[in-house]
Participant: 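Take a look at this one; I'll ask things after.
Read the numbers this way: they start at 1 and go in the same order the structure lists the ligands and their atoms.
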Amino acid sequence: MTLRVGVVGTGAIGKTHIHRLSYTLSGAEVVAVNDADEAQAQMAVDSEQIDAKVYKTGQELINATDVDAILVASWGPTHEEFVLASIAAGKPVFCEKPLATTAEGCRRIVDAEIAHGKKLVQVGFMRRYDQGYRALKQTIKQDTIGAPLMLHCAHRNPAAPGFSGDMAITDSIVHELDVLRWLLDEDYVSAQVILPKSTRLADQGLQDPHIILLATTQGIRIDIESFVNCKYGYDIQCQVVGETGTANLPEPASVTLRSEAKFSRGILTDWKDRFVDAFNTEFQEWIDSTLNGEMHGPSAWDGYVVAVSSDACVQAKREGRIVPIEIPERPPFYRP
Ligand code: NAP
């Protein structure tokens, strides 16, 4: 059986997802596309050489009878509308992050999905599918380093074109907020944001870097350095300090060189390369579970919790204080 997917949003990531669904993975076929710019949607169909119909609106695509499942990869502020429409149509929907741009918007999706009565929504938090993060989680679960006490993390991009305001938190740190609570199986209770001396190499007026300090329900302390104009590479770090040892996120494989009186290895510069395998695993698992009528990935509830936590980080930054993070009790619908 083949999952017939409709893709809303054929920008940068929409195009790469169309390619992986059409050529890299098995079990899915892109049969419909839509973009605010119809010519761009047509260009995606032509350049990928797929047999897909271009729809004028996302709503028409979602309701098309030959579309089994929806992939939302449009601009963030449109996500809520398209996810709610997919739930109303009773169709599985994979939504790139963010699930919605506000915690209230995410909550509306959660409520609509519960009212529908069956899980349909998966959020694109692909780090959970990275082999390195999966190995780190396994290490924690096996009690190899004792109970985790502290996490030291870094999210570094070479540059952040188009970033403004608090996007380092709302666009990038959301990945850390999701993967770290998944790693520890715990939610956050407070956030603080410290603003170090800002680099001269960021766009004018933009604070960079940030240090985000989180506390979890069991008192684990997490520090995340967010440095989105670090220039040297795309570098994701995570060290878990436990009672009897430490565990580090593995470095991506690369050739080590002894040459010209140097011992060196490369550092990736593009997030697409760093997480290409994670994206592929994420979508293959989504295709397989959707064809089985199941939904196992990051849920609408996870999207909501990340939005609440990210809002608290933004508030902590603006107000220069520790902000409590109040996550409502997880509804039974989303319990494992
Ligand atoms: P992008 O290149 O700007 O693409 C977004 C596309 O959505 C554009 O083609 C835009 O058209 C289209 N669009 C806007 N409003 C629409 C509407 N009402 N209906 C249909 N299409 C509409 O952005 P991107 O980098 O691909 O990012 C898309 C989403 O993926 C974002 O939410 C982003 O946060 C997420 N993302 C996730 C990851 C990850 O690591 N998981 C990485 C990158 C991006 P116009 O250009 O004509 O406005």
Side-chain angles (χ1 to χ4, degrees), residues 6-21 32-45 47-48 52-64 67 70-86 93-102 105-106 109 121-130 133 155-157 159-179 182 226 228 234 236 268 270-283 285-286 297-298 302-303 306-307 310:
V7 179
V8 180
T10 56
I13 206 166
K15 273 186 274 198
T16 68
H17 288 338
I18 289 172
H19 185 84
R20 66 169 42 87
L21 291 178
V33 296
N34 156 260
D35 194 276
D37 179 352
E38 205 176 327
Q40 179 167 298
Q42 188 59 54
M43 241 154 57
V45 169
S47 64
E48 289 302 327
K53 181 171 172 187
V54 175
Y55 283 83
K56 282 202 180 312
T57 68
Q59 297 282 349
E60 283 174 62
L61 175 148
I62 290 164
N63 292 324
V67 170
I70 322 299
L71 163 52
V72 177
S74 49
W75 190 45
T78 63
H79 291 186
E80 181 183 347
E81 170 196 347
F82 294 134
V83 173
L84 286 174
S86 303
V93 53
F94 180 105
C95 181
E96 260 309 339
K97 60 88 187 161
L99 178 59
T101 49
T102 62
C106 292
I109 290 172
V121 181
Q122 178 166 329
V123 186
F125 289 130
M126 79 296 180
R127 287 200 193 176
R128 295 183 185 205
Y129 299 86
D130 176 69
Y133 275 112
H155 177 110
R156 303 193 189 116
N157 288 24
F163 267 33
S164 57
D166 300 314
M167 282 175 74
I169 296 170
T170 59
D171 213 70
S172 297
I173 290 305
V174 288
H175 281 300
E176 302 282 341
L177 291 172
D178 178 69
V179 82
W182 168 81
S226 158
V228 295
Y234 182 79
I236 303 300
L268 295 170
D270 191 329
W271 57 268
K272 289 188 221 78
D273 298 331
R274 171 65 182 82
F275 287 113
V276 64
D277 293 337
F279 278 118
N280 288 339
T281 307
E282 172 188 48
F283 274 98
E285 290 189 14
W286 178 68
D302 295 317
V306 167
S310 153

Participant: Could you check R128 against D302 for salt bridge (Lys or Arg N to Asp or Glu O under 4.0 Å), going step by step and ending with a plain yes or no?
Facilitator: CA-CA 12 Å; R128 295 183 185 205; D302 295 317; 3.3 Å; yes
Participant: Could you tell me which residues satisfy salt bridge (Lys or Arg N to Asp or Glu O under 4.0 Å) with E80, sequence neighbours excluded, listed by chain and number?
Facilitator: R108
Participant: Of all the non-hydrogen atoms in the protein, which one sits nearest to atom 18 (N) of ligand 1, and at what distance?
Facilitator: T78 CG2, 3.5 Å
Participant: Are any of the heavy atoms in K15 under 4.0 Å away from ligand 1?
Facilitator: no
Participant: Start with the C-alpha gap between D270 and Y234, add the side-chain angles, then the distance that decides, and say whether side-chain contact (heavy atoms from CB on, under 4.5 Å) holds.
Facilitator: CA-CA 6 Å; D270 191 329; Y234 182 79; 6.0 Å; no
Participant: K272: heavy atom below 4.0 Å from ligand 1, yes or no?
Facilitator: no
Participant: Of the listed options (G9, G76, P98, S74), which comes nearest to atom 29 (C) of ligand 1 when hydrogens are ignored and any heavy atom counts?
Facilitator: S74
Participant: Give yes if a backbone or side-chain nitrogen or oxygen of F279 is under 3.5 Å from a nitrogen or oxygen of ligand 1, and no if not.
Facilitator: no
Participant: Under 3.5 Å between any N/O of W75 and any N/O of ligand 1: does that happen in this structure?
Facilitator: yes
Participant: Show the atoms of ligand 1 that are less than 4.0 angstrom away from any heavy atom in M126.
Facilitator: 40 (O), 41 (N)
Participant: Hey, is atom 7 (O) of ligand 1 touched by any protein heavy atom at less than 4.0 Å?
Facilitator: yes
Participant: Is P77 in contact with ligand 1, taking contact as a heavy-atom separation below 4.0 Å?
Facilitator: no
Participant: Going by a strict under-4.0 Å cutoff (protein heavy atoms only), does atom 3 (O) of ligand 1 have a neighbour on the protein?
Facilitator: no
Participant: Considering only non-hydrogen protein atoms, determine which one is nearest to atom 47 (O) of ligand 1 and report residue, atom name and distance to 0.1 Å.
Facilitator: D37 CB, 3.5 Å
Participant: Does the D130 side chain pair with the main chain of A278, one donor and one acceptor, at a distance under 3.5 Å?
Facilitator: no
Participant: Considering only heavy atoms from C-beta outward, does the side chain of V33 approach that of Y55 to under 4.5 Å?
Facilitator: no
Participant: Answer whether the closest heavy-atom distance between the side chains of V179 and M126 falls below 4.5 Å.
Facilitator: no
Participant: Is it the side chain (CB and beyond), the backbone, both or neither of F125 that lies under 4.0 Å from ligand 1, heavy atoms counted?
Facilitator: neither
Participant: Taking 4.0 Å as the limit for heavy-atom contacts, which would you say applies to I13 with ligand 1: side chain only, backbone only, both, or neither?
Facilitator: both
Participant: Which of the atoms of ligand 1 are close to W271, meaning less than 4.0 Å from one of its heavy atoms?
Facilitator: 42 (C), 43 (C)
Participant: Output, in order, the C-alpha distance, side-chain angles, deciding distance and verdict of salt bridge (Lys or Arg N to Asp or Glu O under 4.0 Å) for D178 and R127.
Facilitator: CA-CA 8 Å; D178 178 69; R127 287 200 193 176; over 6 Å; no
Participant: What atoms of ligand 1 come closer than 4.0 angstrom to any heavy atom of H79?
Facilitator: 32 (O)
Participant: Kindly indicate, with the supporting measurements, whether the criterion side-chain contact (heavy atoms from CB on, under 4.5 Å) is fulfilled by F125 and W182.
Facilitator: CA-CA 10 Å; F125 289 130; W182 168 81; over 6 Å; no
Participant: Distance below 4.0 Å between atom 23 (O) of ligand 1 and any protein heavy atom?
Facilitator: no
Participant: Which atoms of ligand 1 have any heavy atom of G124 under 4.0 Å away?
Facilitator: 41 (N)
Participant: Taking only heavy atoms of N34, which atoms of ligand 1 are found under 4.0 Å from at least one of them?
Facilitator: 19 (N), 20 (C)
Participant: Identify the closest protein heavy atom to atom 19 (N) of ligand 1: which residue and atom is it, and at what distance?
Facilitator: F82 CZ, 3.6 Å
Participant: What are the two closest heavy atoms between H155 and S172, and how far apart are they?
Facilitator: NE2-CB, 3.5 Å
Participant: Does A73 have a heavy atom less than 4.0 Å from any atom of ligand 1?
Facilitator: yes
Participant: Between F283 and H17, how do the two ring planes meet: parallel, tilted or perpendicular, split at 30° and 60°?
Facilitator: tilted
Participant: For atom 37 (C) of ligand 1, what's the nearest protein heavy atom and its distance?
Facilitator: E96 OE1, 3.2 Å
Participant: With heavy atoms under 4.0 Å as the rule, classify the contact between Y55 and ligand 1 as side chain, backbone, both or neither.
Facilitator: neither
Participant: So, does F275 sit close enough to ligand 1 that a heavy atom of it is under 4.0 Å from the ligand?
Facilitator: no
Participant: side-chain contact (heavy atoms from CB on, under 4.5 Å) for V45 and V54? Distances and angles first, verdict last.
Facilitator: CA-CA 8 Å; V45 169; V54 175; 4.0 Å; yes
Participant: Counting only heavy atoms closer than 4.0 Å, does ligand 1 sit against the backbone of K97, its side chain, both, or neither?
Facilitator: both
Participant: Which residue and atom name correspond to the protein heavy atom nearest atom 39 (C) of ligand 1, and how close is it?
Facilitator: H175 NE2, 3.5 Å
Participant: The test is salt bridge (Lys or Arg N to Asp or Glu O under 4.0 Å); show your working for K56 and E38 and say whether it passes.
Facilitator: CA-CA 7 Å; K56 282 202 180 312; E38 205 176 327; 3.2 Å; yes
Participant: Under 4.0 Å from a heavy atom of Q40: give me the atoms of ligand 1 that qualify, with their elements.
Facilitator: 9 (O)
Participant: Return the residue, atom name and 0.1 Å-rounded distance of the protein heavy atom closest to atom 12 (C) of ligand 1.
Facilitator: D35 OD2, 3.4 Å
Participant: With atom 16 (C) of ligand 1 as the reference point, say which of A12, A41, A36 has the nearest heavy atom.
Facilitator: A36
Participant: For the side chain of H79 and the backbone of S74, is there at least one donor-acceptor N/O pair under 3.5 Å apart?
Facilitator: yes
Participant: With distance as the sole test, does D35 use its side chain to make a donor-acceptor pair with the main-chain N or O of Q40 at under 3.5 Å?
Facilitator: no
Participant: Apply side-chain contact (heavy atoms from CB on, under 4.5 Å) to the pair L61 and F82, showing each step before the final yes or no.
Facilitator: CA-CA 10 Å; L61 175 148; F82 294 134; over 6 Å; no
Participant: Verify side-chain hydrogen bond (donor to acceptor under 3.5 Å, both in side chains) between T57 and E60, making sure each step is shown before the conclusion.
Facilitator: CA-CA 5 Å; T57 68; E60 283 174 62; 3.3 Å; yes
